[in-house]
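Notes to accompany the following structure.
No experiment lies behind these values; they were computed from the predicted model shown. Computed over heavy atoms, backbone and side chain alike; hydrogens, waters and symmetry mates excluded.
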Amino acid sequence: MAENQESTLPQSPPRPEQEDPDPPTPRSGHPPRSTPATAPEHRSTVRSLLRLWPYARVIRWRLAASISAALVAMLSVLVVPLVLGRIVDGPIAHHDLSALWPLAGALLLLGLVEAGLFYTRRVVLAGPLAGLETAMRGDLYAKLQRLPVSFHDRWASGQLLSRATSDMFTMRLFLAFPLVFLVVNSLMFAAGTAVMFVLDWRLALITLLPAVPLIVLTRHFESGYSLAARRAQDQTGDLATVIEESVLGIRILKAFGRHRTMAERFRSQTHELRETELHKAGLLANLWAVIVGLPELALGCALAVGAYLVAQDELTTGTLVAFLSTALALRWPVESLGWLLAYANEAATATDRYFEVLDEPEDGSAPAAAVAVPAKAEAEADAATAGTDEGIRLTGVRFRYPDAPDDTPDLLCGIDLHVRRGETMALVGATGSGKTTLTALLPRLYEATGGTITLDGRDIREIPRARLRELVSVAFEEPTLFSASVGENVLMGAPDASPEQLRRALDTAQADFVERLPAGTETQVGEQGLSLSGGQRQRLALARAVVGDPAFLVLDDPLSALDVHTEALVEQALREVLGSTTALVVAHRPSTVLLADRVAVLADGRIAAVGTHQELLRSCAVYRELMSGEAAPVLEGSPAR
């Protein structure tokens with residue numbers, strides 16, 4: 001259909017923010033504990049499917065038109081037996097061929113009407129359903145962008161990928177076919193039953209005898225099939241994770257000769273999925289055998305009784321033919337019941353999995369009033385603090401990861417730190433001391449579990465996230481690039497930056513190699529930027545951080561992958577950038593520390609000392625050990641994040 005439904009579908013528009021890649025953290029390869037495989041027991045199929053209504057409501061008239069077209073088409077099938085009965089008792093019984101042609105024409109017309117209505121049903125619904133799927137997928141993606149980094153730490157990417165692909169297809173197909181025919185077949189069965197009672201109530205009772213055992217069986221089938229469907233869809237998500245990790249880590253697998261180990265893991269999970277699918281097929285086969293077998297037995301009994309009644313002149317041959325034809329026309333609504341119920345359960349499971357993500361809280365969100373700050377008020381707030389000497393201030397900041405064991409201490413246990421406006425502060429500490437985590441708190445990639453963080457006197461929780469991430473620019477130690485051009489990757493740091501700013505950022509990062517690429521800044525770097533060296537990726541990540549001339553700059557060991565010569569050039573260019581911004585720089589080497597005005601030492605979850613490089617060398621033993629590389633302590637009991 002030419003009509004575009006997408007613009008009217010309910011969507012939660014993505015917020016105008018783009019997060020830099022997450023700091024590396026351990027992540028489980030399975031769904032979080034909040035999504036157990038037994039979830040279908042706690043929600044009925046109907047309740048789960050009703051959650052689709054806010055989306056389906058927009059296309060409700062199209063759905064109603066599709067159901068109406070299918071219903072009229074199916075009801076026309078019930079007219080055919082009545083016409084056949086007239087033919088048998090009329091033209092055939094009286095050998096009157098002239099009366100046969102009008103009735104034969106009526107049968108032909110009914111066939112054409114049925115075909116036309118089924119064509120109309122598909123055409124009316126195809127376009128709107130495609131738009132609905134697009135809207136739902138867009139909402140899911142927008143939600144994933146808004147969810148905190150801690151959510152992505154807990155969820156395997158394959159689980160999210162399967163929800164955005166296979167689960168979405170399952171829900172759309174349910175609305176296109178099973179939903180329509182669950183309604184149509186139920187109404188057709190009721191109408192057909194009424195026709196059979198009108199023709200002969202005795203035969204109708206015999207034919208409907210299997211109804212009670214079928215109802216009991218389908219209820220039992222639904223509970224078992226729901227669990228199997230959920231297990232299969234979760235296993236599909238796990239399998240997608242294995243495939244993704246194998247593709248992204250192909251260099252490691254080949255370098256260490258571990259491809260056979262990963263292949264065995266893949267085979268093991270495919271075998272588990274195969275067993276689950278076979279279990280589902282077995283449940284459906286058992287149901288199908290009973291659904292088909294019992295009505296056939298009842299129909300055979302009705303035929304025998306009907307033949308006896310015809311022999312006793314209690315029933316005409318035409319009426320018996322009409323009755324049996326009506327009963328045969330109801331075979332599809334009855335036999336399709338098993339398949340329709342199975343697909344409804346799979347769609348309900350897919351719906352639950354979809355809304356598990358949408359229901360995740362966007363924890364630590366700013367108050368509604370703060371998020372909705374008008375641009376004018378925002379500008380006034382910025383102007384009010386422009387002349388202060390606040391800079392970055394952390395007061396009593398505490399943090400622990402949500403998945404940290406209860407008996408472990410907080411990773412950050414009360415951080416007090418002040419980076420003056422226009423100052424560059426180096427942050428040093430042992431491996432696992434929480435330096436990367438601390439830098440992730442400033443742009444609110446993680447939410448502090450205690451204390452306050454202010455930027456020029458404003459609590460970061462009162463600054464809309466989009467605005468906060470315009471103010472704070474980040475370059476992580478692990479540079480991540482996307483399947484886009486060099487220019488597009490760098491301009492993620494400031495989409496509105498001018499070509500001059502782009503060139504200046506590349507110069508600052510000493511990314512002159514870009515000029516030697518086949519298409520310069522238009523060169524596609526490929527997935528994860530693996531077509532570039534580690535040092536080249538790190539320089540582009542640094543350019544991305546500085547391209548927008550941010551007010552606050554957070555650099556997590558930004559020079560670790562550079563050779564000594566390039567590092568010296570980058571440091572020289574960085575000094576100019578750092579002179580016009582407030583910066584916090586995670587440093588592991590003395591050369592990086594020398595970029596800073598002052599140095600903060602992080603130990604035991606607290607700031608142990610603050611001073612210049614020379615002051616700390618004289619007064620802080622921990623700092624001397626870190627800078628000399630002698631007996632640098634590794635903190636036990638804290639995740640190295």
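- For the pair Thr521 (side chain) and Gly487 (backbone), a donor-acceptor distance under 3.5 Å is absent.
- Of the inter-residue distances, the one linking Ile243 atom CD1 with Met262 atom CE reads 11.0 Å to the nearest 0.5 angstrom.
- By the ring pair (Phe, Tyr, Trp, His ring centres under 6.0 Å) test, Phe399 pairs with Tyr401, Tyr446, sequence neighbours left out.
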Start with the C-alpha distance between Asp556 and Thr439, add both sets of side-chain angles, then the distance that settles side-chain hydrogen bond (donor to acceptor under 3.5 Å, both in side chains), and finish with yes or no.
CA-CA 7 Å; Asp556 186 0; Thr439 59; 4.6 Å; no
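- Every residue two or more places apart in sequence or in another chain was checked for a side-chain hydrogen bond (donor to acceptor under 3.5 Å, both in side chains) with Asn489, and none qualifies.
- When each of Ile463, Val474, Leu445 is checked for a side chain to side chain contact (heavy atoms under 4.5 Å, CB included) with Arg469, only Leu445 meets the rule.
- Relative to the ring axis of Tyr354, Arg163 does not place its NZ or CZ within 45° and under 6.0 Å from the centre.
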Given salt bridge (charged side-chain N to carboxylate O under 4.0 Å, His left out), test Arg467 with Glu470 step by step and report yes or no.
CA-CA 5 Å; Arg467 176 59 179 161; Glu470 290 176 359; 3.1 Å; yes
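- Taking a cutoff of 4.0 Å between a charged side-chain nitrogen and a carboxylate oxygen, Glu360 and Arg154 qualify as a salt bridge.
- With a 4.5 Å cut-off on side-chain heavy atoms, Leu52 and Met171 count as touching.
- Summarising the geometry, atom CG belonging to Leu227 is positioned 8.0 Å from atom NE2 belonging to His279; distances are rounded to the nearest 0.5 Å.
- Residues Ile460 and Leu441 have side chains not in contact (no heavy-atom distance under 4.5 Å, counting atoms from C-beta outward).
- Looking at Ser473 and Arg544, their side chains never bring a donor and an acceptor atom within 3.5 Å of each other.
- Remark: Arg137 does not engage Asp167 in a salt bridge, criterion side-chain N to carboxylate O under 4.0 Å.
- When every heavy atom of Leu161 is checked against every heavy atom of Thr165, the shortest pair comes out as O-OG1, 2.8 Å.
- Applying the side-chain hydrogen bond (donor to acceptor under 3.5 Å, both in side chains) rule to Glu272 yields no partners; only residues at least two apart in sequence or on another chain are considered.
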Would Arg465 and Arg146 satisfy side-chain contact (heavy atoms from CB on, under 4.5 Å), going step by step from the backbone distance to the final call?
CA-CA 10 Å; Arg465 273 199 174 94; Arg146 295 195 302 270; over 6 Å; no
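- A pairwise comparison of heavy atoms in Ala475 and Ala541 identifies CB-O, 4.0 Å as the closest pair.
- We find the CG-CD1 distance between Leu179 and Ile67 to be 5.5 Å, quoted to the nearest 0.5 Å.
- When atom types are taken as modelled, the side chain of Arg231 and the backbone of Ala228 share no donor-acceptor pair closer than 3.5 angstrom.
- Partners of Leu173 under the side-chain contact (heavy atoms from CB on, under 4.5 Å) rule, at least two apart in sequence or in another chain, are Phe169, Tyr343.
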Val472 and Val554: side-chain contact (heavy atoms from CB on, under 4.5 Å), yes or no, with the steps?
CA-CA 7 Å; Val472 181; Val554 177; 3.9 Å; yes
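- Side-chain contact between Phe174 and Leu49 is present, with at least one heavy-atom pair separated by less than 4.5 Å.
- Side-chain atoms of Leu132 and Val58, non-hydrogen and from C-beta on, never get closer than 4.5 Å to each other.
- Smallest separation of non-hydrogen atoms from Thr270 and Leu239: CG2-CD1, 3.6 Å.
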Step by step, would you call Leu540 with Val514 a side-chain contact (heavy atoms from CB on, under 4.5 Å)?
CA-CA 9 Å; Leu540 290 181; Val514 172; 4.0 Å; yes
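- Side chains of Thr45 and Asn345: a donor on one and an acceptor on the other come within 3.5 Å.
- For Arg331, the salt bridge (charged side-chain N to carboxylate O under 4.0 Å, His left out) partners at least two apart in sequence or on another chain are Glu296, Glu335.
- Annotation: salt bridge (charged side-chain N to carboxylate O under 4.0 Å, His left out) contacts of Glu277 (sequence neighbours excluded): Lys280.
- When all heavy atoms are compared, the tightest approach of Ala497 to Val547 is CB-CG2, 4.0 Å.
- Side-chain contact between Arg51 and Asp359 is present, with at least one heavy-atom pair separated by less than 4.5 Å.
- Residues satisfying the side-chain contact (heavy atoms from CB on, under 4.5 Å) criterion with Ala69, sequence neighbours excluded, are Leu117, Arg121.
- With sequence neighbours excluded, no residue forms a ring pair (Phe, Tyr, Trp, His ring centres under 6.0 Å) with Phe189.
- With sequence neighbours excluded, the residues that form a side-chain hydrogen bond (donor to acceptor under 3.5 Å, both in side chains) with Thr261 are Arg258.
- With a 4.5 Å cut-off on side-chain heavy atoms, Val242 and Gln269 count as touching.
- Salt bridge status for Arg230 with Asp234: present, with a side-chain N to carboxylate O gap under 4.0 Å.
- Shortest non-hydrogen contact noted between Pro128 and Arg62 is CG-NH1, 3.3 Å.
- The existence of a salt bridge linking Glu264 and Arg267 is confirmed by a sub-4.0 Å separation between a basic side-chain nitrogen and an acidic carboxylate oxygen.
- With sequence neighbours excluded, the residues forming a side-chain hydrogen bond (donor to acceptor under 3.5 Å, both in side chains) with Thr276 are Gln235, listed by chain and number.
- With values rounded to the nearest 0.5 angstrom, Leu182 atom CG is found 4.5 Å from Leu340 atom CG.
- With sequence neighbours excluded, the residues satisfying side-chain contact (heavy atoms from CB on, under 4.5 Å) with Leu160 are Leu144, Phe151, His152, Trp155, Val357.
- In this structure, OG1 on Thr241 lies 6.0 Å from CD on Gln159, to the nearest 0.5 angstrom.
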Could you go through Leu517 and Glu522, starting from their C-alpha distance and side-chain angles, then the distance that decides it, and tell me whether this counts as side-chain contact (heavy atoms from CB on, under 4.5 Å)?
CA-CA 9 Å; Leu517 295 176; Glu522 298 301 317; over 6 Å; no
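- The side-chain heavy atoms of Arg60 and Trp53, taken from C-beta on, include a pair separated by under 4.5 Å.
- If you take CG on Leu468 and CZ on Arg461, they are separated by 12.5 Å, rounding to the nearest 0.5 Å.
- Partners of Ala194 by side-chain contact (heavy atoms from CB on, under 4.5 Å), not counting sequence neighbours: none found.
- Looking at Gln501, its side chain does come within 3.5 Å of a backbone N or O of Ser498 through a donor-acceptor pair.
- Closest non-hydrogen pair, Thr523 versus Gly520, comes out as OG1-O, 2.9 Å.
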